[in-house]
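Accompanying notes for the structure given below.
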Amino acid sequence: MGGYFVPVIPQGVSTEPMEPTPSRQGRYDFNRIEKRWQKFWQDNKTFAAVDGDASKPKYYVLDMFPYPSGQGLHVGHPEGYTASDIVARYRRMKGFNVLHPIGWDAFGLPAEQYAIETGTDPRVSTQANIDNMRRQIKSLGFSYDWDRELSTTDPGYYQWTQWIFLQFFHHYFDETEKKAKPISELPIPTGLSEEARLAFIDEHRLAYEAEVAVNWCPALGTVLANEEVIGGVSERGNHPVIRKPMRQWMLRITKYADRLLEDLAEVDWPPSIKKLQADWIGRSTGAEVDFKIEGREDSIRVYTTRPDTLFGATYMVMAPEHALVGKITTPEKQAEVIAYREQAARKSDLDRTDLAKEKTGVFTGAYAINPVNNEKIPIWIGDYVLISYGTGAIMSVPAHDERDFEFATAFDLPIIPVVDPPQPEDQAMVRQGKQCFTGAGTAINSGEFDGLTTAEFKKRMTQWLTDHGLGHEAVNTKLRDWLFSRQRYWGEPFPILHTEGGRIVALPEDQLPLQLPHVDDYKPSGSGEPPLSKAHDWVHVTMPDGSQATRETNTMPQWAGSCWYYLRYIDPKNGEQAWDTEKEQYWLPVDLYIGGAEHAVLHLLYARFWHKFSYDLGLVSSKEPFKKLINQGMILGEDGQKMSKARGNVVNPDDVIKSYGADSLRLYEMFMGPLEATKPWNMQGVEGVHRFLQKAWRLIVDEDRGGLLDTVQEIQADETTLRRLHQTIQKVTRDTENFAFNTAISAMMILVNHLGKLKTRPHAVLESVVLILAPYAPHIAEELWALLGHSQSLAYEPWPQFDDQLAREKEVELAVQVGGKIKDRIVVAADADEDLIRATALASEKVVSALAGQAPKKVIVVKSRLVNILV
RNA sequence: GCCGGAGUGGCGGAAUUGGCAGACGCGCGGGAUUCAAAAUCCCGUCCUGGCAACAGGGUGAGGGUUCGAGUCCCUCCUCCGGCACCA
């Protein structure tokens with residue numbers, strides 16, 4: 001990288017020299033300049049990325065594409081977009097073939113909500129919102145390749161979202177190869193009936209239907225994913241959510257849990273985001289253990305991460321929904337158990353997870369046998385045990401698990417300590433069963449295993465269980481399969497048919513896209529029947545054999561379209577396939593992905609999942625889609641509060657652009673502070689960076705007459721100016737590469753302040769200034785570049801090189817401390833050696849008087865920093 | 001409760017990662033220019049004392065390591081974000 005190259009102006013560029021904007025009085029007329037250059041870039045397709053250009057290294061800079069809301073942009077959006085645009089423009093000047101696209105994540109609830117309220121077709125409102133947001137985004141001068149613009153709602157796009165779904169449907173996960181394979185290669189046990197064979201196949205598809213207890217939100221009329229439920233209420237709108245069994249489409253993301261976890265090591269993401277993902281996947285290793293039910297042949301299987309505490313299991317708890325509950329409950333406990341189960345089913349997730357509440361449960365009347373010591377222990381049901389995790393049943397070790405301890409205390413169940421804590425101060429209470437201890441220690445009350453450490457005991461017990469056929473090692477994840485259907489209108493229809501015989505069949509690929517039908521009524525039915533079920537003509541289909549079938553009426557969640565949009569950008573118009581694999585090999589992976597931290601888990605996990613699946617199918621060549629990830633921070637209102645319409649503190653970029661221009665807005669967004677930080681808006685700060693641009697303008701332009709100032713001349717820069725220029729190029733280069741845009745701008749301000757003091761200004765220095773400013777404030781830079789006599793866009797001009805020698809200071813000022821306190825400052829040559837520095841420091845009058853005749857014990861010299869004299 | 005991140009002037013923030021705390025910008029004060037204003041330019045602006053030179057203090061609180069700590073270690077406080085009975 002680096003070196004020299006011929007600047008390339010993309011095809012279609014105008015050969016007409018660009019004349020500087022004729023401007024009365026030559027003032028910095030940002031509105032005029034910005035419109036003019038935006039038009040130029042558009043007309044000349046200045047930022048068109050060239051597929052497969054082997055003459056340059058490629059660089060793919062991606063923004064998280066926006067939802068086109070009716071509110072339009074707020075100033076939070078341009079923060080990430082400006083950062084990525086600076087990188088894109090900088091990389092072009094560095095000689096990269098840059099792909100920098102934008103599009104619209106346009107399916108989703110707000111448009112549908114609006115449709116329900118007003119009867120407006122979401123296609124219409126969505127298009128209007130896209131048009132408005134496109135206008136806004138264009139007014140910021142981002143260097144997107146607009147020819148690659150896409151919308152997830154476009155049938156030409158969602159055709160391929162549906163196609164990918166079909167691939168999930170047509171594949172299974174091979175456990176030995178740990179990858180997806182065609183369902184036709186699924187090994188099927190022999191001797192199955194036709195019906196059983198088909199059921200076996202359906203059970204292995206990566207996209208499958210299941211009757212699951214889902215998060216049903218009556219207010220929204222839809223099922224929500226676990227991730228969309230925050231603390232028992234819907235993420236959107238804070239409506240209560242209850243559990244309800246429903247037929248749903250699922251994607252088997254859990255099969256990819258290990259790979260999603262392992263491959264985090266490959267990506268350059270903030271460690272905190274990686275950890276969030278790892279915690280979300282929540283992989284744990286433990287053991288599954290079978291507990292015989294007294295007087296029956298069945299046993300209850302539990303999952304535990306602490307097989308070493310088996311001797312302390314004094315009772316068991318099953319989730320209320322557990323299949324065995326009905327079978328094992330004794331007649332006298334029947335009524336109580338049924339009542340409890342009904343109560344639990346009616347509870348919302350909020351009721352069930354509220355921390356403040358007491359543990360509840362009822363005894364089933366049945367007993368199990370602890371396999372390690374043959375003790376008889378009671379079997380309870382309780383809603384603190386989740387049906388969806390592990391086996392839906394637990395062994396309770398109240399001495400060593402907080403939740404079990406609470407439950408045991410509430411119902412007066414026995415507590416047997418089996419782990420002796422290492423801290424002496426905890427031992428007495430724990431040994432008496434009065435305190436719960438969840439850490440590692442030494443085994444007690446565990447028969448032959450006494451004295452083992454927790455870690456050792458875990459291994460030994462797992463082996464013992466295996467040897468005796470009572471259990472085995474097991475792995476669990478918190479990650480659940482992805483609930484992939486929604487009872488909404490405004491989403492991708494599933495390319496699936498339900499036959500008269502109750503079979504599920506895939507729509508042939510040549511019938512894609514399956515278009516979303518027009519309907520008159522967007523309201524959910526309230527019972528869970530999706531709006532599409534009302535599109536009678538669309539739903540009912542006659543099959544080639546004359547039989548009847550109905551279409552799937554659920555739609556896909558909003559995440560679907562955003563799972564693969566970064567792949568469509570590389571080949572957005574392809575009608576034959578989702579993307580061309582050669583283009584994929586050229587452009588992928590995404591080199592830099594910028595977006596909000598709110599997508600740290602869901603979007604990024606889902607997209608990684610689809611990418612890995614595509615990898616198994618040979619559709620992509622990299623394991624991970626996004627090499628480097630940066631989260632921009634939130635921008636707060638001027639009052640330091642989160643921006644919201646209700647608070648009335650929303651800042652609209654349109655207004656800022658009107659008063660100060662897009663360059664000022666861009667610059668301010670970057671100058672506010674570190675990209676990742678949360679920071680409050682301040683309109684006076686915009687004014688500040690605007691003044692800086694004014695100064696830069698007046699450095700070059702004669703405001704009275706227009707055109708170049710007479711003071712701009714073809715002269716040699718003086719030594720100081722040259723040094724400051726090279727220092728600035730160095731700093732701006734380094735800071736831009738490190739995404740430290742705020743300090744890069746600060747460095748440019750310092751340089752411009754210096755140049756402003758010069759009576760005559762070297763033309764060549766000003767050119768460099770304009771070039772390093774260009775990624776940050778591209779419009780004014782283009783205009784000044786033209787004024788400096790250039791006839792073509794600077795977008796592909798080589799980035800100025802800095803010269804280390806020229807940037808170096810000749811003299812440096814050092815602080816001289818006596819006993820750590822600064823007494824004087826000395827100036828020495830930058831290359832002065834330690835002896836000279838020491839001698840100069842000791843010769844200082846102030847130092848001599850501070851020493852007051854004492855001989856220095858030691859003199860510490862830190863070159864170009866300070867001298868510390870110890871007495 | 002658990003897991004992250006952060007606390008630096010009146011404000012946003014900077015500090016080459018252990019070496020002169022407060023760069024740059026905002027705000028504020030003073031001055032120049034102007035009939036006047038806007039704009040622009042110059043000077044000042046961490047706190048305390050002093051007319052000043054200067055002296056002392058200072059990066060959420062307390063302790064520690066070090067010649068030297070905003071930066072490293074321990075304890076605590078506050079704010080922000082995430083998770084939330086995952087056995």
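Order of the sequence lines fixes the chain letters, A, B, ..., with proteins taken first and strands second; residue numbering starts at 1 for each chain. Please read all numbers here as calculations on a predicted model, not as lab measurements.
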Which pairs, protein N/O on one side and nucleotides 3-10 of chain B N/O on the other, fall under 3.5 Å?
{"residue": "B:C3", "atom": "O2'", "partner": "A:K275", "partner atom": "NZ", "Å": "2.7"}

Would you write out the dot-bracket form of RNA chain B, 5' to 3', with Watson-Crick and G-U pairs under 3.5 Å, [ ] for crossing pairs, | for pairs to other strands and . for unpaired bases?
(((((((..(((......[....)))((((((.......))))))((((....))))..(((((..]....))))))))))))....
What string of B, S and - do you get for nucleotides 23-28 of chain B 5' to 3' if you count protein non-hydrogen atoms under 4.0 Å?
BBSSS-
Taking atom CD of A:Q423 as the centre, does the number of heavy atoms from other residues, nucleotides or ligands within less than 6.0 Å exceed 12?
yes
Mind checking what makes side chain to side chain contact (heavy atoms under 4.5 Å, CB included) contact with A:A83, not counting sequence neighbours?
A:I594, A:M670, A:L675, A:F741
Charged N-O contact under 4.0 Å between A:R27 and A:D29
no
Starting from the 5' end of RNA chain B, give me the residue, A:K757 or A:L814, whose nearest nucleotide shows up first.
A:L814
Check the distance between B:C85's P and A:W380's CH2 and give it to me in whole angstrom.
21 Å
Can you name the salt bridge (charged side-chain N to carboxylate O under 4.0 Å, His left out) partners of A:D401, sequence neighbours left out?
A:R403
Roughly how far apart, to the nearest Å, are B:G7 and B:G70 at atom P?
14 Å
Going by salt bridge (charged side-chain N to carboxylate O under 4.0 Å, His left out), name the residues that satisfy it together with A:D268, two or more places apart in sequence or in a different chain.
A:K628
With side-chain contact (heavy atoms from CB on, under 4.5 Å) as the test, would you mind laying out the steps for A:F457 and A:S446 before giving the verdict?
CA-CA 10 Å; A:F457 193 1; A:S446 299; 3.8 Å; yes
Quickly work out the A:I822 CD1 to B:G56 C1' distance and round it to whole Å.
14 Å
Is there a donor-acceptor contact under 3.5 Å from the side chain of A:H400 to the main chain of A:V419?
yes
Check the side chains of A:S284 and A:N476 for a donor-acceptor pair under 3.5 angstrom, ignoring hydrogens and angles.
no
Less than 4.5 Å apart, side chain to side chain, heavy atoms only: is that true for A:W681 and A:V656?
yes
Ignoring the backbone of A:W280, work out which of B:C20, B:G12, B:A84 is nearest its side chain.
B:A84
Could you work out which one of B:C85, B:A87, B:A21 sits closest to the side chain of A:S284?
B:A87
List in chain and number order the residues that pass ring pair (Phe, Tyr, Trp, His ring centres under 6.0 Å) with A:F407, two or more places apart in sequence or in another chain; answer none if no residue qualifies.
A:Y315, A:W380, A:Y384, A:F411
Just to verify, what does A:K275 make a salt bridge (charged side-chain N to carboxylate O under 4.0 Å, His left out) with, not counting sequence neighbours?
A:D279
Counting any heavy atom closer than 4.0 Å, what does A:R825 reach on the DNA or RNA strands: base, sugar-phosphate only, or nothing?
base
How many whole angstroms separate atom CG of A:D639 from atom C1' of B:G12?
15 Å
Tell me every residue that passes ring pair (Phe, Tyr, Trp, His ring centres under 6.0 Å) with A:Y256, counting only those two or more places apart in sequence or in another chain.
A:F173, A:F609
Presence of A:Y389 side-chain N/O under 4.0 Å of B:A87 phosphate oxygens OP1/OP2:
yes
Those residues that, when tested against A:W697, pass ring pair (Phe, Tyr, Trp, His ring centres under 6.0 Å) (two or more places apart)
A:Y28
Do the side chains of A:W280 and A:L260 get nearer than 4.5 Å, heavy atoms only?
no
What interatomic distance, in whole Å, is found between C1' of B:U66 and the corresponding atom of B:C72?
10 Å
With rounding to the closest Å, how many angstrom separate the P atoms on B:A61 and B:U8?
10 Å
At 4.0 Å (heavy atoms only), tell me whether A:K731 reaches a base, stays on the sugar-phosphate, or touches nothing.
nothing
Check each of A:I281, A:V601, A:L604 against A:L276 using the side-chain contact (heavy atoms from CB on, under 4.5 Å) test, and report the only one that passes.
A:V601
List the atom of A:T462, the atom of A:A287, and the distance in Å for their closest heavy-atom pair.
OG1-CB, 4.4 Å
Which atoms of nucleotides 46-50 of chain B (N or O only) lie under 3.5 Å from a protein N or O atom, and what are those distances?
none

A correct 5'-to-3' footprint of nucleotides 65-76 of chain B, with B, S and - meaning base, sugar-phosphate only and no protein heavy atom under 4.0 Å, is --B---------
Rounded to the Å, how far apart are A:K359 NZ and B:C85 P?
9 Å
